[in-house]
Visitor: 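I have a structure I would like to understand better, so I am pasting it below and will then ask my questions one at a time.
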Amino acid sequence: MTLRILLADDNAINRELVTLSLGHLGYVVDVVTNGEEVLTLLETEDYGLILMDIEMPKVDGPTATARIRAELPAERQPYIVALTGNSLPADREYYTKVGMNGYVGKPFGIEALERAVAEAEAYWAEQ
């Protein structure tokens, strides 16, 4: 089964980079531009991986993640990876605290995206 991936990022260049990079690896990526759209989409769709920008309009990544963890049943919980330039240990600790499973720093390369996808696939293989 192919991993369903959702990208939430308000930056058009980041969206294009991620979709093209993962497209070259054979993945189709659905795209939204803020956390509010993530929450709306999750009302009807399931994803194995969400690549979640931290700073977005309307609802930011940490708030969206906390709501996902609080509101979705366990069997619908996605693997969530933070996409951010904030790389201090305290930042990473906070992302983990709100329920994010992983972290990819910006700027990122295809290797970092491949690693995030591999981690999500390994997570689902264990479930």
Visitor: If the condition is side-chain contact (heavy atoms from CB on, under 4.5 Å), which residues does Asp46 pass it with, not counting sequence neighbours?
Guide: Arg76
Visitor: Looking only at atom types and distance, does a side-chain atom of Asp30 sit under 3.5 Å from a main-chain N or O of Leu6, one as donor and one as acceptor?
Guide: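 No: the side chain of Asp30 does not pair with the backbone of Leu6.
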Visitor: So, the side chain of Asn11 versus the backbone of Asn14: is there a donor-acceptor pair under 3.5 Å, distance only?
Guide: yes
Visitor: For Asp91, which residues count as a salt bridge (charged side-chain N to carboxylate O under 4.0 Å, His left out) partner, sequence neighbours excluded?
Guide: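 Asp91: no salt bridge (charged side-chain N to carboxylate O under 4.0 Å, His left out) contacts found.
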Visitor: Considering non-hydrogen atoms only, spot the tightest contact between Ala64 and Val59 and give its length.
Guide: N-CG1, 3.7 Å
Visitor: For Thr63, what residues pass the side chain to side chain donor-acceptor pair (under 3.5 Å) criterion, not counting sequence neighbours?
Guide: Asp60
Visitor: For Ile13, I'd like to know if atom CD1 has over 12 heavy atoms of other residues, nucleotides or ligands within 6.0 Å.
Guide: no
Visitor: So, taking the atom named OG1 in Thr19 and the one named CG in Leu51, what distance separates them when rounded to the nearest 0.5 Å?
Guide: 11.0 Å
Visitor: Should Pro78 and Ile68 count as side-chain neighbours, where that means a heavy-atom distance under 4.5 Å?
Guide: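 SC-SC contact between Pro78 and Ile68 confirmed.
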Visitor: With heavy-atom distances below 4.5 Å as the criterion, would you say the side chains of Thr84 and Met100 are in contact?
Guide: no
Visitor: Thr33 versus Lys58: any side-chain heavy-atom pair under 4.5 Å?
Guide: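 Not in contact.
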Visitor: What pairs of residues pass the ring-ring contact (aromatic ring centres under 6.0 Å, His included) test when at least one of them lies in residues 2-57, not counting sequence neighbours?
Guide: none
Visitor: Tell me the ring-ring contact (aromatic ring centres under 6.0 Å, His included) pairs involving residues 103-127, sequence neighbours left out?
Guide: Tyr79-Tyr123
Visitor: With no hydrogens and no angle check, is any side-chain donor or acceptor of Arg69 less than 3.5 Å from a backbone partner on Val98?
Guide: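 No.
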Visitor: Considering non-hydrogen atoms only, spot the tightest contact between Ile54 and Ala82 and give its length.
Guide: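 It is CD1-CB, 3.8 Å.
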Visitor: Evaluate the side chain to side chain contact (heavy atoms under 4.5 Å, CB included) criterion for residues Ile50 and Leu42: first the C-alpha distance (whole Å), next the side-chain angles of each, then the deciding distance (0.1 Å), finally the verdict.
Guide: CA-CA 11 Å; Ile50 298 178; Leu42 287 176; 4.0 Å; yes
Visitor: Please say whether more than 12 non-hydrogen atoms of neighbouring residues, nucleotides or ligands are located less than 6.0 Å from CD in Glu16.
Guide: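 For Glu16, atom CD is not crowded (no more than 12 foreign heavy atoms under 6.0 Å).
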Visitor: Among all residues two or more places apart in sequence or in another chain, which pass the side chain to side chain donor-acceptor pair (under 3.5 Å) test with Arg67?
Guide: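 Arg67: side chain to side chain donor-acceptor pair (under 3.5 Å) contacts with Glu71.
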